[in-house]
Amino acid sequence: QVQLVESGGGSVQAGGSLRLSCAASGRTFRTYAMNWFRQAPGKEREFVAAIRWSGSSTYYADSVKGRFTISRDNAKNTVYLQMNSLKPEDTAVYYCASSQVLSTVDYGMNYWGKGTLVTVSS
């Protein structure tokens with residue numbers, strides 16, 4: 001079992017920044033990658049970013065490249081998503097998820113956090 005808890009969501013104006021955190025606990029030794037997804041109101045959940053638990057490989061959706069940065073602190077079992085230059089279309093519930101494979105689809109994930117809301121106003 002892996003438990004994931006997101007934090008750091010909030011309300012900001014367009015152009016602002018937020019940093020999301022995902023704290024992992026439990027049997028994380030089977031984790032291959034950590035991922036961020038988001039789901040905007042009335043839309044399907046979509047992939048945002050991923051980072052391998054070991055190593056430095058990162059992956060981003062085209063919509064966030066150059067603005068978002070995913071990072072990891074293995075000592076704290078925590079993954080971060082630094083979000084800069086936020087846009088209203090970034091408004092969504094952001095979810096942290098773990099996977100045993102490198103994947104950008106939600107069914108490839110093993111465990112999910114409950115999500116944290118990010119609201120960007122114009």
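Only this structure's heavy atoms are used, side chains among them; waters, hydrogens and symmetry mates stay out.
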Test applied, side chain to side chain contact (heavy atoms under 4.5 Å, CB included); reference residue, Y80; option that passes from Q82, M83, K76: K76
Between L102 and Y32, is the side chain to side chain contact (heavy atoms under 4.5 Å, CB included) condition met? List the steps. CA-CA 7 Å; L102 192 61; Y32 179 81; 3.8 Å; yes
Crowded around Q13 CD? As in, over 12 foreign heavy atoms under 6.0 Å? no
Is there a side-chain contact between Y59 and T104 in this structure, where contact means two heavy atoms from C-beta onward sitting under 4.5 Å apart? no
Test your reading of the model: is there a side-chain donor-acceptor pair from S99 to the backbone of V101, 3.5 Å cut-off? yes
Just wondering, do Y111 and Q1 contact through their side chains at under 4.5 Å, heavy atoms? yes
Grouping I, L, V, M, F, W and Y whenever their side-chain heavy atoms are under 4.5 Å apart, do L81 and F37 come out in a common cluster? no
If you define the side chain from C-beta out and look only at heavy atoms, does anything of C22 sit under 4.5 Å from W36? yes
Check whether any side-chain heavy atom of V79 lies under 4.5 Å from a side-chain heavy atom of I51, and answer yes or no. yes
Does T116 use its side chain to pair, donor to acceptor, with the backbone of G9 at less than 3.5 Å? yes
Any Y60 side-chain heavy atom under 4.5 Å of T69 side chain: yes
For W112, does the six-membered ring have the charged nitrogen or CZ of R45 within the cation-pi criterion, i.e. under 6.0 angstrom from the centroid and within 45° of the normal? yes
Are L18 and M34 linked, directly or through other ILVMFWY residues, by side chains that come within less than 4.5 angstrom of each other? yes
Are E46 and R38 ion-paired here, with the side-chain N under 4.0 Å from a carboxylate O? yes
Single-linkage hydrophobic cluster, 4.5 Å side-chain cutoff, W53 and Y95 together: no
I'd like to know if the side chain of S17 pairs up with that of N84 as donor and acceptor (distance under 3.5 Å, no hydrogens or angles considered). yes
D62 and K65 ion-paired at < 4.0 Å: yes
Is a side-chain N or O of N110 found less than 3.5 angstrom from the main chain of Q100, in a donor-acceptor match? yes
